Number of protein chains: 2
Amino acid sequence: MTELDTPSQILAAAEARFSLYGYNKTTMAEIAGDCNMSAANLYRYFENKLDIGAALANQCLVEKEHGLELIITDDSKSCAEKLQAFILYILHYTYHHFDTSPKISELIEAMTDQRPEVMQSHRQSKLSLIHQLLEQSQEIGEFSFADIDQTAEAINTAISIFYLPTIMPMFTLEEFERKADAVCTLLLNGLTHSG
Amino acid sequence: MTELDTPSQILAAAEARFSLYGYNKTTMAEIAGDCNMSAANLYRYFENKLDIGAALANQCLVEKEHGLELIITDDSKSCAEKLQAFILYILHYTYHHFDTSPKISELIEAMTDQRPEVMQSHRQSKLSLIHQLLEQSQEIGEFSFADIDQTAEAINTAISIFYLPTIMPMFTLEEFERKADAVCTLLLNGLTHSG
DNA sequence: ATACTGAATATTTTATTGATTATTCATTAT
DNA sequence: ATAATGAATAATCAATAAAATATTCAGTAT
């Protein structure tokens, strides 16, 4: 067990509190208490509470991106399979978080309206993963399309409801899965030459 | 200028108030006052305020559906053109309403969380218009697809961000238009035989 | 009977206050 | 200098009271 520097210690304490009691209900004093320091001292390392949240949210989103990256770089899958897995991963991640860990959703929600850049950057990462997939498909000639940037944006847009936590209460997971499947089929139809 | 029956008179007064001051800030007493009757009398014609709102929201959504129907039944357009016009109409409608008439958005918002059936039925109407378009395309052989229901659902899902008022603040109209265009191109790619 | 009303009640909003919490800062410890 | 603190201030939240509003109903007018 390696020593943690102060910022990491703070983040660890905050993460524990946030995931147990939620972002809004944990106080700076509590985080500081867990680190055996005063609340004032937290401000030496983070500008404010929101920044602590942003650091953690970012960490969480980076993990998600990593999961998606594994799919994109999994050489045992065809590009079509990758796209499908990609979409389902996003859907399940969003749904699961909303459904079973409302505490993390609370953090994401706070970021969505108080730190939109964080979410924006994640959206950007997803876009670039899709772009990567399209590049691969070009190399092996699996998909065909005119404009790679436009196509990546189209896919990203078409699947965007699957990463909006707000939408999750509108349908059951099964309904979403059917929708995801339908969209995926149609997208692949557009990407795959039937020539 | 033809005479209005009492329910229509009430709806007209309510519509004027709602679009000028918003759903939440207009009172039953005010609506009644505009109709020269007591608030109590409104309840002879509508169960409650929400029902008045629902009637108007419905009217508004039906108008929108009518606009969409005109596009779908416009014989001067190819199915591809119809799909594009359909998507752009929805986008502009949603964006415009959110942007320039927040009062109506307020009504829609109230319906979304207190009368979800109203919105659900509108979603259904859009789905069936898409279905209709797909049928047409089948007849003239413009598009080709395996499962019409699945395809209609896929299209409806892929374009769904364009009718979510909540999403509108996230991008400018120009950005949305680019996205709509990209999605449309990709969908058409999937629907049109390149044979 | 049908259309309506005023007054009574129930529900929802709004305003006010007090308490909690975030943030700053002057100061202390190492 | 760097790390930390306690106490002061500012911003936010929660509880409550007050006011406004929705809804009901017993009763009046036609």
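These figures come from a predicted structure and were not determined experimentally. Residue numbers start from 1 in every chain, and the chains themselves are labelled A, B, ... in the order their sequence lines are given, proteins ahead of strands. We use all heavy atoms of the structure for the numbers below, so side chains are in, but hydrogens, waters and symmetry mates are not.
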Scan A/Ser38 against the nucleic acid and name what it touches under 4.0 Å (heavy atoms): base, sugar-phosphate only, or nothing. base
Can you tell me how far CZ of A/Phe162 sits from OG of B/Ser160, rounded to the nearest 0.5 angstrom? 7.5 Å
Closest-nucleotide 5' rank along DNA chain D - winner of A/Asn24 and A/Leu42: A/Leu42
Which distance, rounded to the nearest 0.5 Å, do you find between the CD of A/Gln132 and the OG1 of A/Thr73? 7.5 Å
What is the distance, to the nearest angstrom, from the CG atom on B/Asp51 to the C1' atom on D/dA22? 13 Å
I need the CD-P distance between A/Glu47 and C/dA22, as an integer number of Å. 16 Å
Atom CD1 of B/Ile31 and atom P of D/dA20: how far apart are they, to the nearest Å? 19 Å
Whole-Å distance between D/dA11 P and A/Lys49 NZ? 17 Å
Round to a whole Å and report the spacing from CG of B/Asn48 to C1' of C/dA10. 14 Å
A/Leu50 CG to D/dA11 P, in whole Å, measures 16 Å
Measure the distance from CD1 on A/Ile10 to P on D/dA3 and round it to the nearest whole Å. 11 Å
Looking at D/dT23, C/dC4, D/dT21, which one has an atom nearest to any side-chain atom of B/Arg44? C/dC4
A/Met28 has its side chain closest, among D/dT23, C/dA22, D/dA3, to C/dA22
Note, A/Asn189 side chain near B/Asn189 side chain (heavy atom, < 4.5 Å): no
Closest to the B/Tyr43 side chain: C/dT5, C/dA22, D/dT23? D/dT23
Picking from D/dT23, D/dA22, D/dA4, the nucleotide nearest the side-chain atoms of A/Asn41 would be D/dA4
By nearest atom, which of the nucleotides C/dT21, D/dT23, C/dA3 is closest to the B/Tyr45 side chain? C/dA3
Please confirm whether A/Lys126 makes a cation-pi placement over A/Tyr163, using NZ or CZ under 6.0 Å from the six-membered ring centre and within 45° of the ring normal. yes
According to the interplanar angle, ranging from 0 to 90°, do the rings of B/Tyr93 and B/His97 count as parallel (below 30°), tilted (30 to 60°) or perpendicular (above 60°)? perpendicular
Among the nucleotides C/dT23, C/dG6, D/dT23, which one has an atom lying closest to any side-chain atom of B/Ala40? C/dG6
When rounded to whole Å, the NZ to P distance for the pair A/Lys25 and C/dA22 reads 14 Å
